[in-house]
Amino acid sequence: MTALVMVGFPALRPAAVEAAAFYIQLGASWRAFALALIGAMLITLMTHLQHATESDGVRLVPAIVIGFLLGAGQVDHAIVASLICFAGLEAGAPFGYLDWLGMFGFAVLGNLCGGLVLVTLLRQVPHKVMVERGHPDGPG
């Protein structure tokens, strides 16, 4: 898909190279890891918000807002950053697929930590504490 976009909209090529270079230049740094944690937290938040309603129209709101934040905020989500890097590669970026693979692997690590540890587990801990204490907001 990114190849089609780069062929169809050649004016986007310089922007694609610049956007992709941002993710590659992050390397395996604390900043890259922090951006990957944030990316995962945003996706997990979107998932929780979408599961909180039965309305398809309401489900679009978090998808649009979180999608915007992932792209415009240069957040390091493995899939979003990969699509941007593939566009950059198609546009002649000065890096290769091995550079992308390194970025992808590090982003996946940060995304897993952000999605599983920082959001999912931390969200469960207060609920389980309330249940153990017999709090009225617990299930039952």
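Atoms considered below: every heavy atom in the structure, side chains included; atoms not considered: hydrogens, waters and symmetry mates.
We find the CD-CG distance between Q25 and D99 to be 10.5 Å, quoted to the nearest 0.5 Å. Here the CD1-CZ distance, from I79 to F104, works out to 5.0 Å after rounding to the nearest 0.5 Å. Atom CZ of F86 and atom CE of M1 lie 14.0 Å apart (nearest 0.5 Å). Annotation: the span from Q74 atom CD to R31 atom CZ amounts to 7.0 Å, rounded to 0.5 Å. The structure places CG of L37 at 9.5 Å from CH2 of W30, a figure rounded to the nearest 0.5 Å.
With sequence neighbours excluded, the residues satisfying side-chain hydrogen bond (donor to acceptor under 3.5 Å, both in side chains) with S82 are W100.
The shortest heavy-atom contact between A36 and A107 is CB-O, 3.8 Å. Between A63 and Q50, the closest heavy-atom pair is CB-NE2, 3.5 Å. Scanning all heavy atoms of the two residues, the minimum distance from A81 to Y23 falls at CB-CD2, 3.7 Å. Contact record, M103 with C85: CE-SG, 3.8 Å, taken as the closest heavy-atom pair. Minimum heavy-atom separation, L42 to L70: CD1-CD2, 4.1 Å. Residue A91 comes nearest to A16 through the heavy atom pair CB-CB, 4.4 Å, listed as atom of the first residue, atom of the second, then distance.
V5 and F22 fall into different hydrophobic clusters, where Ile, Leu, Val, Met, Phe, Trp and Tyr residues are linked whenever their side-chain heavy atoms come under 4.5 Å apart, directly or through other members. Tracing side-chain contacts under 4.5 Å through hydrophobic residues (I, L, V, M, F, W, Y), one never reaches V58 starting from F68; they form parts of separate clusters. There is no path of hydrophobic side-chain contacts, each under 4.5 Å, that joins I84 to M6. The cluster map of Ile, Leu, Val, Met, Phe, Trp and Tyr, joined by side-chain heavy atoms under 4.5 Å apart, puts L26 and V17 in different clusters. In terms of hydrophobic clustering, with Ile, Leu, Val, Met, Phe, Trp and Tyr side chains grouped at heavy-atom distances under 4.5 Å, L101 and Y97 are assigned to a common cluster.
By the 4.5 Å heavy-atom criterion applied to side chains, I38 and M41 are counted as neighbours. Side chains of L89 and F95 form a contact here, defined as non-hydrogen atoms less than 4.5 Å apart.
The main-chain N or O of T53 is found under 3.5 Å from a side-chain atom of R59 such that the two form a donor-acceptor pair. Side-chain N or O atoms of N111 include one that pairs as donor or acceptor with a backbone N or O of A78 at under 3.5 Å.
Annotation: F9, atom CZ; neighbour count of heavy atoms from other residues, nucleotides and ligands within 6.0 Å does not exceed 12.
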